[in-house]
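No hydrogens, no waters, no symmetry mates; every other heavy atom, side chains included, goes into these values. So you know, we letter chains A, B, ... as the sequences are listed, proteins then strands, and number each from 1.
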Amino acid sequence: MTLGLINANPVVHAKKERIARSDDPHADVDPLEIYDYVRDIRDPEHPYSLEQLSVLSEESITVDEKLGRILIMFTPTIQHCSMATVIGLCLREKLKDHFPPHFKVDIKVAPGSHANEESVNKQLNDKERVAAALENPNLRQLVDECLYSNEL
Amino acid sequence: MNFADENFELREVQKLEGHTDRVWSLAWKPTTGVDGAPAVLASCSGDKTVRIWEQSSATGSFQCKAVLEDTHNRTVRSCAWSPSGKLLATASFDATTAIWEDVGGDFTCVSTLEGHENEVKSVSWNASGSLLATCGRDKSVWIWEVLPHNEFDCVSVLQGHTQDVKMVQWHPSMDILFSCSYDNTIKVWAEDGGNDDWHCVQTLNESSSGHTSTVWALSFNASGDKMVSCSDDLTIKIWGADIMSMQSGDENAPWTHLCTLSGYHDRTIFSVHWSREGIICTGAADDAIRLFVESEESVADGPMYKLLTKKEKAHDMDVNAVLWSSTGNKLLASASDDGTVKIWELGSSSGQKKLQL
């Protein structure tokens with residue numbers, strides 16, 4: 001574990017305006033609702049949300065409701081970001097019981113946004129690796145901090 | 001057996017509930033259905049337990065007879081009965097493999113195998129029950145010798161895979177070990193001269209017409225001259241070896257690619273199992289179970305396979321394991337992320353009759 005931050009000077013953006021959404025549990029799976037749910041996940045390294053660091057945007061999320069598939073593309077702040085897999089874990093954990101059970105969630109880094117794109121994507125979508133990682137107490141703690149830190 | 005004339009379908013016999021997290025793997029007890037012994041199935045789960053299910057000879061339904069808990073403190077990923085049925089090995093993300101003895105229905109942990117640096121993902125006994133193999137995320141494959149009084153001695157730590165090893169499986173009749181990995185390859189391991197000198201005798205990689213992504217599982221046909229593998233690359237591949245060479249003691253008889261079945265799966269295939277009667281079953285991340293058989297159009301220079309039937313929505317979530325029972329009442333078991341195990345029967349869809357296999 002390196003002591004210095006991977007990316008010491010991230011670019012921080014303003015938060016977008018929030019629109020109130022309905023609490024209807026039978027609402028279709030809506031990409032904007034999913035975005036609302038994940039935008040405030042805190043970055044593992046900086047006291048800002050994934051939205052503020054432009055790691056996630058509204059366009060990050062696509063849903064094919066007929067097939068039951070969700071694709072989330074996120075953009076790590078720098079090409080050699082070693083936190084990319086942690087961000088992926090945070091997304092998976094946050095969205096864990098959020099959809100009807102038959103929905104499949106694929107998480108990838110935006111094309112061209114990471115030096116080890118293929119390798120990162122493979123790890124993020126190997127559910128056995130994800131499950132084992134989330135059982136690791138150290139990683140678990142880091143993920144919990146990203147998900148449950150106070151409202152920014 | 002003639003699959004050409006009729007349509008076949010899988011019928012759900014029973015849904016076994018009890019696990020409180022995803023069920024990863026299954027193992028039928030070898031004495032299942034033989035001489036009146038009831039069918040017994042073990043299942044292992046992310047809830048850190050193993051459940052033992054026994055079929056009642058009176059009603060035919062399965063009940064949970066035992067829960068093996070308080071031993072593993074993380075996910076139990078794989079389980080395997082010894083050939084005699086007396087021992088059950090369980091492999092866990094807690095980096096250990098536990099050995100349980102069945103004493104009249106009470107299971108006691110009689111040994112714990114340590115050594116892997118992190119998650120153990122698979123465990124397999126050889127045909128005679130004299131050797132045990134394990135593998136895991138530390139990229140290694142371990143071979144253990146089974147000694148009297150539930151002692152286990154590590155005889156070899158095999159390095160060679162460059163990534164997480166997902167499954168190990170012994171050949172059904174010879175002491176040759178197969179492993180498959182996140183590194184997209186299948187490796188074949190054999191002993192040189194019987195003095196614990198194990199090494200890799202073959203690697204089936206992309207250039208051998210192998211898989212192009214993680215290989216999750218492999219299975220042998222009854223005669224042991226063919227193997228089927230399944231992968232994250234959405235294909236299953238059939239491999240063959242020269243049975244005559246193998247039987248005359250040449251453990252290095254090479255495996256060659258015979259056939260690739262693609263276009264049938266659109267999500268990762270986690271499990272594949274070849275029944276004694278030649279039906280290949282797959283369990284995949286699209287919640288479906290598929291059955292394949294050799295096609296009548298198979299030609300001299302290579303077998304061809306066709307889809308016999310597909311059970312969509314076999315489970316509510318990913319199917320992690322499929323397993324034919326080995327004897328007696330012909331059943332198929334499946335395990336899923338939805339936390340359940342299901343028992344299936346293969347029958348003809350034209351009539352009521354159950355397929356006599």
Point to revise | Interface residues of residues 73-81 of chain B facing chain A - non-hydrogen atoms under 4.5 Å apart | key: Arg74(B), Thr75(B), Arg77(B)
Practice item. Would you please go through residues 112-122 of chain A and name the residues with a non-hydrogen atom below 4.5 Å from one of chain B, in numerical order? Key: Ser119(A), Lys122(A)
Exercise for review: Evaluate side chain to side chain contact (heavy atoms under 4.5 Å, CB included) for Leu177(B) paired with Val168(B), printing each intermediate quantity in order.
Suggested key: CA-CA 7 Å; Leu177(B) 183 64; Val168(B) 279; 4.2 Å; yes
Review point. Any Lys/Arg nitrogen of Asp164(B) or Lys139(B) sitting under 4.0 Å from an Asp/Glu carboxylate oxygen of the other?
Key: no
**Study point:** Side-chain donor/acceptor of Ser336(B) to backbone N/O of Asp318(B), under 3.5 Å
**Key:** yes
Exercise for review: Please work out which of the three classes, parallel, tilted or perpendicular, describes the rings of Phe270(B) and Trp216(B), given edges at 30° and 60°.
Suggested key: perpendicular
Review point. Which heavy atom of Asp287(B) sits nearest a heavy atom of Met317(B), and at what distance?
Key: OD1-C, 2.9 Å
Revision key, fill the gap. Bottom line for Asp337(B): the part with an atom under 4.5 Å from chain A's heavy atoms is side chain
Check your understanding: Does anything in residues 102-110 of chain A get under 4.5 Å of chain B by heavy atoms, and if so which residues?
Key -> His102(A), Lys104(A), Asp106(A)
Exercise for review: Please determine if Asp40(A) and Lys94(A) form a salt bridge, counting it only when a charged side-chain N lies under 4.0 Å from a carboxylate O.
Suggested key: no
Point to revise | Heavy-atom donor-acceptor pair, Ser45(B) side chain to Arg22(B) backbone, under 3.5 Å | key: yes
Review point. What part of Asn320(B) lies closer than 4.5 angstrom to a heavy atom of chain A: side chain, backbone, both or neither?
Key: side chain
Point to revise | For Lys342(B), all residues meeting salt bridge (charged side-chain N to carboxylate O under 4.0 Å, His left out), sequence neighbours excluded | key: Glu12(B)
Practice item. Answer yes when Arg267(B) and Asp286(B) have at least one side-chain N-carboxylate O distance shorter than 4.0 Å, and no when they do not. Key: no
**Study point:** Engaged part of Tyr182(B) at the chain A interface, taking heavy atoms whose separation is under 4.5 Å
**Key:** both
Review point. Where the side chain of Ser140(B) meets the backbone of Val157(B), is there a donor-acceptor pair that is under 3.5 Å apart?
Key: no
Practice item. Taking only Lys NZ, Arg NE, NH1 and NH2, and the carboxylate oxygens of Asp or Glu, determine whether Asp316(B) and Lys313(B) approach each other closer than 4.0 Å. Key: no
Exercise for review: Apply side chain to side chain contact (heavy atoms under 4.5 Å, CB included) to the pair His46(A) and Asp43(A), showing each step before the final yes or no.
Suggested key: CA-CA 6 Å; His46(A) 309 96; Asp43(A) 181 86; 3.1 Å; yes
Check your understanding: If only atom types and distance count, is the side chain of Asp232(B) paired as donor or acceptor with the main-chain N or O of Ser213(B) below 3.5 Å?
Key -> no
Point to revise | Nearest heavy-atom neighbours spanning Asp233(B) and Thr212(B) | key: OD2-N, 3.0 Å
Check your understanding: Side chain, backbone, both or neither: which part of Asp266(B) has a non-hydrogen atom closer than 4.5 Å to chain A?
Key -> side chain
Point to revise | Glu9(B)/Lys311(B) ion pair, N-O < 4.0 Å | key: no
